[in-house]
Amino acid sequence: MFEIVPGFSYISVLIPQDPIVYARTPDHRAQLVRAEVRRLTQVVLEVAARQQPQVRLQKDYFDHCIRLHLRAWLRQRSRATQNLVVHSLHAQSSGEFHGSASIGDARLAFTGVCKKGRLTAFRLL
């Protein structure tokens with residue numbers, strides 16, 4: 001059904017009879033992957049906020065390229081410990097994830113891949 005936009009009699013908006021609802025519940029595997037990703041990304045973000053030392057990024061759980069990326073990223077930032085707040089984290093059952101966090105006054109996005117309990121890719125954007 002078309003509804004006229006108030007104040008603009010020449011513009012109509014289509015309003016469907018039955019609006020589409022995009023609601024799905026994540027499966028069990030997706031919930032397990034999300035818990036695993038949350039644990040690993042929390043460590044990486046704490047290192048980025050200088051709340052944890054870089055040696056916390058053990059090679060059993062974090063790929064070498066992640067340690068290099070964080071080392072270069074930290075070189076450009078202040079040396080003081082900063083507050084960390086994770087605003088969102090979205091993980092798929094395939095292991096890909098993205099989210100946002102605040103480190104100090106800066107709000108950042110992050111993305112990465114987790115395979116077999118190990119972060120193989122991670123970027124702070």
**Student:** Using every non-hydrogen atom in the two residues, find where L70 and A48 come nearest and quote the distance to one decimal.
**Tutor:** CD2-CB, 4.0 Å
**Student:** Under a single-linkage definition using a 4.5 Å side-chain heavy-atom cutoff for Ile, Leu, Val, Met, Phe, Trp and Tyr, are V13 and Y10 assigned to the same hydrophobic cluster?
**Tutor:** yes
**Student:** Decide yes or no for L108 and L125: does some side-chain heavy atom of the first lie under 4.5 Å from some side-chain heavy atom of the second?
**Tutor:** no
**Student:** Do R71 and Q54 have side chains that approach each other closer than 4.5 Å (heavy atoms only, starting at C-beta)?
**Tutor:** yes
**Student:** If you draw the axis of the six-membered ring of W73, does the NZ or CZ of R77 fall within 45° of it and under 6.0 Å from the ring centre?
**Tutor:** yes
**Student:** Just checking N83: does its CG atom have more than 12 heavy atoms from other residues, nucleotides or ligands closer to it than 6.0 angstrom?
**Tutor:** no
**Student:** Within the side chain of T111, is there an N or O that forms a donor-acceptor pair under 3.5 Å with the backbone of F97?
**Tutor:** yes
**Student:** In the structure I gave you, are the side-chain heavy atoms of Q31 and D27 within less than 4.5 Å of one another anywhere?
**Tutor:** no
**Student:** Indicate, with yes or no, if L124 and L84 share a hydrophobic cluster defined by side-chain heavy-atom contacts under 4.5 Å among Ile, Leu, Val, Met, Phe, Trp and Tyr.
**Tutor:** yes
**Student:** Name all residues meeting the side-chain contact (heavy atoms from CB on, under 4.5 Å) criterion together with I11; count only those two or more places apart in sequence or in a different chain, and write none if there are none.
**Tutor:** V5, F8
**Student:** Under a 4.5 Å cut-off applied to non-hydrogen side-chain atoms, are H87 and R107 in contact?
**Tutor:** yes
**Student:** On the 0 to 90° scale, with breaks at 30° and 60°, tag the F110-F122 ring pair as parallel, tilted or perpendicular.
**Tutor:** parallel
**Student:** Taking CD1 in I4 as the centre, count heavy atoms belonging to other residues, nucleotides or ligands within less than 6.0 Å. Is the count above 12?
**Tutor:** no
**Student:** Please report the closest heavy-atom contact between A101 and L45, naming both atoms and the distance.
**Tutor:** CB-CD1, 4.2 Å
**Student:** Kindly indicate, with the supporting measurements, whether the criterion side-chain contact (heavy atoms from CB on, under 4.5 Å) is fulfilled by L119 and V113.
**Tutor:** CA-CA 6 Å; L119 281 185; V113 178; over 6 Å; no
**Student:** Is there a donor-acceptor pair under 3.5 Å between the side chain of R123 and the backbone N or O of G112?
**Tutor:** no
**Student:** Applying side-chain contact (heavy atoms from CB on, under 4.5 Å) to H64 and L68, what does each step give before you reach the verdict?
**Tutor:** CA-CA 6 Å; H64 183 66; L68 289 176; 3.5 Å; yes
**Student:** Would you say that Q51 contacts Q82 through its side chain, given a criterion of any heavy-atom pair below 4.5 Å between the two side chains?
**Tutor:** no
**Student:** Where do L40 and F62 land on the side-chain contact (heavy atoms from CB on, under 4.5 Å) test, with the steps shown first?
**Tutor:** CA-CA 8 Å; L40 294 173; F62 304 98; 3.9 Å; yes
**Student:** Mark yes or no for whether E46, through its side chain, and Q52, through its backbone, hold a donor-acceptor pair below 3.5 Å.
**Tutor:** no
**Student:** Go through the steps to decide whether L32 and H28 satisfy the test side-chain contact (heavy atoms from CB on, under 4.5 Å), and finish with yes or no.
**Tutor:** CA-CA 6 Å; L32 290 176; H28 182 66; 3.5 Å; yes
**Student:** If we ignore hydrogens and angles and just use 3.5 Å, is the side chain of E3 paired with the main-chain N or O of I15 as donor and acceptor?
**Tutor:** no
**Student:** With distance as the sole test, does R50 use its side chain to make a donor-acceptor pair with the main-chain N or O of S78 at under 3.5 Å?
**Tutor:** yes
**Student:** I'd like to know if the side chain of S88 and the backbone of G99 have a donor-acceptor N/O pair within less than 3.5 Å.
**Tutor:** no
**Student:** Against the six-membered ring of Y61, is R56 placed for a cation-pi contact (under 6.0 Å from the centre, within 45° of the normal)?
**Tutor:** no
**Student:** So, using salt bridge (Lys or Arg N to Asp or Glu O under 4.0 Å) as the criterion, who are the partners of R118 when residues are at least two apart?
**Tutor:** D63
**Student:** Would you say the side chain of V47 lies within less than 4.5 Å of the side chain of L57, judging by non-hydrogen atoms?
**Tutor:** yes
**Student:** Using atom types as modelled and distance alone, determine if a side-chain donor or acceptor of T120 lies under 3.5 Å from a backbone N or O of C114.
**Tutor:** no
